[in-house]
**Q** 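The structure's right below; bear with me while I get my questions together.
All values derive from a computational prediction rather than experimental measurement. Proteins get letters first, then strands, A, B, ... in listed order; numbering begins at 1 in each.
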2 protein chains.
Amino acid sequence: MKTAKEHLEKFGIRPSIQRVAVMDYLLKHRTHPTVDEIYSALAPQIPTLSRTTVYNTLHLLYKHGAIFVVVIDGITAHFDGFTHPHAHFLCTECGKVYDVELKDSSFTNHNAPENAAEITDAQLYYKGVCKECRNKN
Amino acid sequence: MKTAKEHLEKFGIRPSIQRVAVMDYLLKHRTHPTVDEIYSALAPQIPTLSRTTVYNTLHLLYKHGAIFVVVIDGITAHFDGFTHPHAHFLCTECGKVYDVELKDSSFTNHNAPENAAEITDAQLYYKGVCKECRNKN
DNA sequence: CGTATCTTTGTAATGAATTCAAATATGTAA
DNA sequence: TTACATATTTGAATTCATTACAAAGATACG
């Protein structure tokens, strides 16, 4: 696996300590963390870290295509360092966001909006109940 | 076109004045309005109308499958009274949300999440710049 | 008519996200 | 190295969509 620093440089982003830490966290934690989860995890290592920096960094990473932003629950943004085409599944019971492998990823092109001059992002979301939650009841 | 009242009854929702007004607005305005747009449009006709009622009503309609909720810009929810399968396209310049006709709508089944016990919703979002905005520059 | 239930209302609270200006760090040229 | 411009980080204050909640009002049903 490429290091976070290499990742950033690949996307033309200057690798500051904070940026490397955020990128590294996203590469190592495929759990679609929120800003607060990222901030809380990194704050002990970087005591001066500010929430604003986490926001700034995530915006920057997104703008350069280094991460996905997953706004699936309508409340909080989740972040994903895995940028190969894939969909997401939100379990509305436990709130977890799962990756969904695409067996057919050609649909995004087939269905592209006619009145679009440019498409920068395409996301496929599922909502429902995951098997773990269903088995609990 | 079916009336808003008939629509609500079809989905098992009691047609109060406020609910009919919201449903009617969504059926007649295919612009994916926000809560505030709906509230502002209806407040003159229903002077006692509360924003909370609009929220309550939209939640209820969504729960009964009478409308779509489109959270595409990550900030504000947009509402859609047209519930046949279709995708959405957000122009990041003007903020408009467009309907996207699906030429191939079978992808949702093909790509359904493996660890889902139940799927309640599937949404396909595009982001980019619409032709009108591109032509302005 | 009376009571239980459903619906609406408005205020207050929540909390994710943004704004902004000051402080700090980094890169570059002399 | 030093000096200066630029880039980045920080934290406090603010914004604003959404939710919580309890009281008021409307509706259904015996």
**Q** What's the NZ-C1' distance between B/Lys63 and C/dC6, to the nearest Å?
**A** 13 Å
**Q** Does D/dT9 have OP1 or OP2 sitting under 4.0 Å from an N or O in the side chain of A/Ser50?
**A** no
**Q** How close do A/Leu27 and A/Gly81 get, counting heavy atoms only, and between which atoms?
**A** CD2-O, 4.0 Å
**Q** Using a heavy-atom cut-off of under 4.0 Å over every strand shown, decide if A/Thr53 touches base, sugar-phosphate, or nothing.
**A** base
**Q** Round to a whole Å and report the spacing from CD1 of B/Ile38 to C1' of D/dA17.
**A** 14 Å
**Q** Check whether any side-chain nitrogen or oxygen of A/Gln18 sits under 4.0 Å from OP1 or OP2 of C/dA25, and answer yes or no.
**A** no
**Q** Do A/His29 and A/Ile38 touch side chain to side chain, with heavy atoms closer than 4.5 Å?
**A** no
**Q** Using whole Å, report how far OH of B/Tyr62 lies from P of D/dT19.
**A** 12 Å
**Q** What's the CG-C1' distance between B/Leu49 and C/dG10, to the nearest Å?
**A** 12 Å
**Q** B/Thr57 side chain: which of C/dT8, D/dT9, D/dT10 is closest?
**A** C/dT8
**Q** In whole angstroms, how far is the C1' atom of C/dT8 from the CG atom of B/Leu42?
**A** 14 Å
**Q** Is it the case that the side chains of A/Asp24 and A/His7 hold a donor-acceptor pair, with the cut-off being a distance below 3.5 Å and no angle test?
**A** no
**Q** Under 4.0 Å between a side-chain N or O of B/Arg51 and OP1 or OP2 of C/dT11?
**A** no
**Q** Tell me, which pairs form a side-chain hydrogen bond (donor to acceptor under 3.5 Å, both in side chains) where one or both residues lie in residues 106-119 of chain B, sequence neighbours left out?
**A** A/Arg134-B/Glu118, B/Asp104-B/Ser106
**Q** Provide, to the nearest angstrom, the distance between the CG atom belonging to A/Leu61 and the P atom belonging to D/dT8.
**A** 12 Å
**Q** Inspect the contact between B/Arg51 and B/Asp36 and indicate whether a charged nitrogen and a carboxylate oxygen are less than 4.0 angstrom apart.
**A** yes
**Q** Want to settle it: does A/Tyr39 or A/Arg19 sit nearer the 5' end of DNA chain D, counting the closest nucleotide to each?
**A** A/Arg19
**Q** Among residues at least two apart in sequence or on other chains, which ones pass side-chain contact (heavy atoms from CB on, under 4.5 Å) with A/Ser40?
**A** none
**Q** Please state how far atom CG in B/Leu60 lies from atom C1' in D/dT18, giving the value in whole angstrom units.
**A** 17 Å
**Q** Look at A/Glu132 together with A/Lys136 and state whether they make a salt bridge at an N to O cut-off of under 4.0 Å.
**A** no
**Q** My understanding is that only residues two or more places apart in sequence, or in another chain, count here; which of them pass side-chain contact (heavy atoms from CB on, under 4.5 Å) with A/Val35?
**A** A/Val54, A/Tyr55, A/Leu58, A/Phe79
**Q** Using a cutoff of under 3.5 Å, can you pull out all pairs of nitrogen or oxygen atoms linking the protein to nucleotides 22-28 of chain D, with atom names and distances?
**A**
none

**Q** State whether a side-chain donor-acceptor pair under 3.5 Å links A/His84 with A/His86.
**A** no
**Q** Apply ring pair (Phe, Tyr, Trp, His ring centres under 6.0 Å) to B/Tyr62 and list each qualifying residue two or more places apart in sequence or on a separate chain.
**A** none
**Q** Identify the pairs formed between an N or O of the protein and an N or O of nucleotides 12-17 of chain C at a distance under 3.5 Å, and give each distance.
**A**
residue, atom, partner, partner atom, Å
C/dA17, OP1, A/Ala77, N, 3.0
C/dA17, OP2, A/Tyr55, OH, 3.2

**Q** What contact category does A/Thr34 fall into here, base, sugar-phosphate, or nothing, at under 4.0 angstrom with non-hydrogen atoms?
**A** nothing
**Q** What's the CG-C1' distance between B/Asn56 and D/dT19, to the nearest Å?
**A** 10 Å
